[in-house]
Amino acid sequence: MDEQALMGLNPNADACYRQRALAYFEQLKESLDGWEVCAQALAKGVYSDDHVKFFCFQVLEHQIKFRHGSLTAAQQQLIRETLMKWLQAQLMNVHPEKPFIRNKVAQVLALTFVMEYLTLWPKFFFDILSLVGLNPNGVDIYLRTLMAIDAEVVDRDILHSPEETRRNTLIKDSMRERCIPALVESWFQILQTYQHTHSELTCQCLEVVGAYVSWIDLNLIANDRFVNLLLSHMSMEELREEACDCLFEIVNKGMDPVDKTKLVESLCQVLQSAGFFSIEQEEDVDFLAKFSRLVNGMGQSLVLSWTKLSKMGDVKVSAETLRAVEGKVPLMLQLLIHEDDDISANIVGFCYDYLHVLKQLPALNEQQKTNVEAIMLAVMNKLKYDDEYNFENEGEDEAMFVEYRKQLKMLLDRLAQVSPELLLEAVHRVFNATMQNWQTVQFMEVEMAIRLLYMLGEALPASHGAHFSGDTTKTSTLQSMMRTLIICGVSEYQHSSVTLEFFETVVRYDKFFLVEPQHIPSLCFCLHSSPKVRSRVAYLFSRFIKTLYKHMNAFIEDILSRIQDLLELAPPENGFPVLLSSDDQLFMFETAGVLIVNGESPAERKQALMRSLLTPLMEAFRMLLAKLPQEANEERQAVLADCLNHAVGFASRTSKAFSNKQTVKQCGCSEVYLDCLQTFLPAISCPVQRGPLRSAVRSFLHRMIICLEEEVLPFIPAASQHMLKDCEPRDLQEFIPLISQITAKFKNQVSPFLQEIFMPLVMAIFEVLSRPAEENDQTAALEKQMLRRSYFSFIQTIASSGINEVMASQGAENIERVLFTIIQGAVDFPDPVAQKTCFIILSRLVELWGGKDGLVGFPDFIYKHIVPACFMAPLKPTFDLSDAQTVLTLSECTLTLHMIHLKRVSLKSPQLIVLFRPETSYINELCQVLQQPDVKVLKNYMKVFQ
């Protein structure tokens, strides 16, 4: 072997040596006999370096995995002998190989087993067992190999091809016939031999038993000698967790419901008599987490058996199984209420399934009601945060608790389905008791009580949040709790979790204030010290106002005054921490807009309030825009541009309070927004930070087209002229929807403007699309694809808006150039979204210009180019009808042909005859299909044609 190349296998080797080692590895893999050098080195123990040994096994693994079928019988024998010689050498070693070597050997042995067990090496296991006996080094490799075989043959998480699945089934069937009893016996001997002296081997063996028990005869494992051995392991500190996992896999095995019930019950009796059910004396939380998982598995197995027996109509046996389920409830409750959340979380599945059983019963007996109440109390208690929860810097532990809380919520929802009255009564009791003494209660108790009220909103759902109408018991109880929440003063509790839960609950039950509006003034959406709370409350406040603005008239100006500090544009240079982020301020500006617009003040007052809201933004915008071109530092430029964008965004957000132009006029606010428009438009000609500034102004124009309608039109030509200068693909891509919006909304009103801008816009698009880009630049390719789609979408909007004079007035040469781009988009670019749009355009143009009074020369264009395009596109190898968008493209292509037929244009063009030669009869056949009145006939024909 190349010794210098092998030096590169050391992790600390120089890069050149590592590169040489990699090249040598590839060389040996590709060589027909290079692997034999590695096999000999392993068999003779030539190398002591771990990395070289690992390297040799990798080469061998590659050979077995990819070339086994092409090896001669002698070469296959050499692989077997190499592996057995290496294994034999391990029996004599004082120190075992490193774990990564042993794992690799196990993988190689498992691959060899999969390839040869059914044909060449049926005695695989017997050969290994007779060689290793009970030698610890040998047993270790044997057990690792069994787990590697499980991964290759059994593991359901690994995807296999149908052929591999059939092979794996044959292997398992053959193993059951030939060797499983011998393997089980070897496991028993290993467990018995090493349980006191070699815990690592014993745990490995227990893992193997757990992995294999799902598909072997259970009687080989579920018998007195094996179960007694496993129970003895449950009492050994180093083995008990793995023994628990093994018993869990035994319990989880699919089997007849009656047999499963007997198995679980016998196991429970043995565990209970051995004292394992007395968990209050157990201090090892890791073991209890495993034990909780085992109890969960036993409980869920019994529930599954009950479900099957109930469906079979076996009343007597199903009743016995239900008693067995309920016999585990006390232990389940102990585990559910345990202070360790992992232990509690592991039993939630059984608890949930038990409640599902109770839900299906016609009525609950007293014990079952007691169980339900106990589960409720357990859930309520476990919902509490602990002292160590870090609210300001949530990490992994906090994330795990949040997930655990979601599981508890599922239980609460299920409890509501079993007994909504009991749940409502229990929450009411806990909530009232806590709110009466909230000043002296710890934060986690207060948060939990409010949280329970919040969770009732989903546990006891109401249509469209109408919790305060309908069932009087529910509505009066919820109303009472909400009244208490508002008037007891708990919103002043000085903890972020309580504050947040308070406002979440207030907004969830915002319709309470429609019933009792007198409590609105009591609310104070105050500024909290926690940025996280401030951020969330800004959003909640916005939602609250949107629901209740009709009841806010008396408080509008007071609210606007109190939130004034939150409506200021944060200057980029002061360095002070902001109260709210710009995203949160958007909610505040929207809220201010909603309050002003929906108040009962006269239009003059609304206009004054809106002007006082927007004027500071305009003033700040002018000042910052004047500074921006003078700033030389790029980072500083970006900060200023960001601030300018926020100003535009805030102004735009206030307009969301208006539904249309009419409401803007009624409020007298048109003039204010026109002033904003005049203030913001100069930004598009700013020589620096063009992209972000243009994007912000474009977004504002989109909103103003909705709010001001034709009043915006005088500003559009100049704005468009500036936006088309020095365009990037993204600029154009964002500009086109603006022009399309104007086109679709104003149609003939903007026809002169569109006639003027059409070719400059098209030429700008062509120029950007023609720019060279590197072949592997995926970003540039995607930008061009999106721009091309936007271009075709723009043409479609014009064609569909009844203003065909926009294109018709561009001159023959320009029209032809545009038309050819549409043909190219329909045929040449493998983008079904764009192709579909192109065929929609072509169909519309045929409808507009295809008749006698149409555009001069257009029927000839149909004949020479559009008709062939309808057939050339589906014939492209990239036209994939398994793709949904391509199917839609074919449909539009068909409709284009149908439209051509309706316009009486001949399909027998020379181009089509060349396309179909020598089968020119297809054209006659197509013409016959087109005669059919139902266009579906043509669609089906085109699918077959493709």
Side-chain angles (χ1 to χ4, degrees), residues 125 143 146-147 149-150 153-156 172-173 175-195 202-236 239-277 287 290-309 317-318 320-321 323-325 327-328 331 349-350:
F125 289 112
L143 294 173
L146 284 169
M147 289 308 296
I149 288 170
D150 175 72
V153 176
V154 182
D155 194 334
R156 291 185 179 90
K172 286 189 287 185
D173 290 344
M175 284 178 69
R176 289 188 191 100
E177 290 174 19
R178 295 177 186 171
C179 63
I180 287 297
L183 294 184
V184 172
E185 183 58 33
S186 75
W187 302 338
F188 183 81
Q189 295 301 328
I190 293 166
L191 292 173
Q192 196 172 46
T193 304
Y194 289 111
Q195 59 184 334
T202 310
C203 286
Q204 272 182 264
C205 192
L206 288 168
E207 187 182 1
V208 168
V209 174
Y212 279 72
V213 75
S214 67
W215 59 276
I216 65 174
D217 181 359
L218 187 63
N219 291 320
L220 295 168
I221 304 292
N223 51 51
D224 287 345
R225 70 168 192 157
F226 232 109
V227 171
N228 288 336
L229 188 60
L230 291 173
L231 287 171
S232 71
H233 293 163
M234 291 275 286
S235 303
M236 299 180 191
L239 306 180
R240 60 202 313 211
E241 290 180 33
E242 204 61 59
C244 249
D245 283 345
C246 187
L247 286 171
F248 172 82
E249 296 299 338
I250 291 171
V251 166
N252 243 23
K253 182 177 172 68
M255 55 196 297
D256 174 79
V258 176
D259 292 340
K260 175 61 75 74
T261 302
K262 288 177 182 174
L263 172 68
V264 172
E265 282 299 85
S266 63
L267 184 58
C268 282
Q269 287 169 12
V270 176
L271 288 169
Q272 190 167 13
S273 61
F276 287 105
F277 282 18
F287 169 69
K290 296 283 188 180
F291 181 70
S292 181
R293 181 170 174 262
L294 172 60
V295 175
N296 188 69
M298 293 192 293
Q300 287 187 306
S301 294
L302 288 173
V303 169
L304 185 60
S305 293
W306 176 83
T307 304
K308 289 178 180 176
L309 290 165
V317 182
S318 67
E320 289 174 4
T321 306
R323 281 194 292 275
V325 171
K328 313 299 171 291
L331 178 59
F350 174 31

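The figures that follow rest on heavy atoms only: side chains count, while hydrogens, waters and symmetry mates do not. All residue numbers in this chain count up from 1 along the given sequence.
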Could you list the donor-acceptor pairs under 3.5 angstrom formed between side-chain atoms of residues 207-217 and any protein atom two or more places apart in sequence or on another chain?
residue : atom : partner : partner atom : Å
Tyr212  : OH   : Leu146  : O            : 2.6
Asp217  : OD1  : Asn219  : N            : 3.0

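By the side chain to side chain contact (heavy atoms under 4.5 Å, CB included) test, Leu304 pairs with Lys308, sequence neighbours left out. In this structure, Arg323 has no side-chain hydrogen bond (donor to acceptor under 3.5 Å, both in side chains) partners at least two apart in sequence or on a different chain. Applying the side-chain hydrogen bond (donor to acceptor under 3.5 Å, both in side chains) test to Arg156 and every residue at least two apart in sequence or in another chain returns nothing. With sequence neighbours excluded, the residues satisfying side chain to side chain contact (heavy atoms under 4.5 Å, CB included) with Lys290 are Glu241, Cys244, Asp245.
Of all the heavy atoms in Phe226 and Leu220, the pair that sits closest is CD1-O, 3.6 Å. In terms of heavy-atom proximity, Met236 sits nearest to Gln195 at CE-OE1, 3.6 Å. Closest non-hydrogen pair, Asn252 versus Ser301, comes out as OD1-OG, 4.3 Å. His233 and Ala243 make their closest contact through CB-CB, 3.8 Å (heavy atoms, listed as atom of the first residue, atom of the second, distance).
Not one N or O on the side chain of Asn228 forms a donor-acceptor pair closer than 3.5 Å with the backbone of Arg225. A side-chain donor-acceptor contact under 3.5 Å links Thr202 to the backbone of Tyr194.
The distance from atom CG of Leu263 to atom OG of Ser305, rounded to the nearest 0.5 Å, is 9.5 Å. The distance from the CZ atom of Arg240 to the CZ atom of Phe291 is 10.0 Å, given to the nearest 0.5 Å. With rounding to the nearest 0.5 Å, the separation of CG in Leu294 from SG in Cys246 is 10.5 Å. The distance from the CD atom of Gln189 to the SG atom of Cys205 is 10.5 Å, given to the nearest 0.5 Å. Atoms OG1 and CG, on Thr307 and Leu302 in that order, are 10.5 Å from each other to the nearest 0.5 Å.
Residue pairs meeting the side chain to side chain donor-acceptor pair (under 3.5 Å) criterion with at least one partner in residues 257-266, sequence neighbours excluded, are Glu265-Lys328.
Looking only at side-chain heavy atoms (C-beta outward), Lys253 and Ile221 stay at 4.5 Å or farther from each other. Using a 4.5 Å heavy-atom threshold, the side chains of Phe125 and Ile149 count as touching.
Among the candidates Val270, Leu247, Leu267, the single residue satisfying the side-chain contact (heavy atoms from CB on, under 4.5 Å) test with Leu230 is Leu247. For the side-chain contact (heavy atoms from CB on, under 4.5 Å) with Met298, the lone residue among Val264, Val303, Leu331 that qualifies is Val264.
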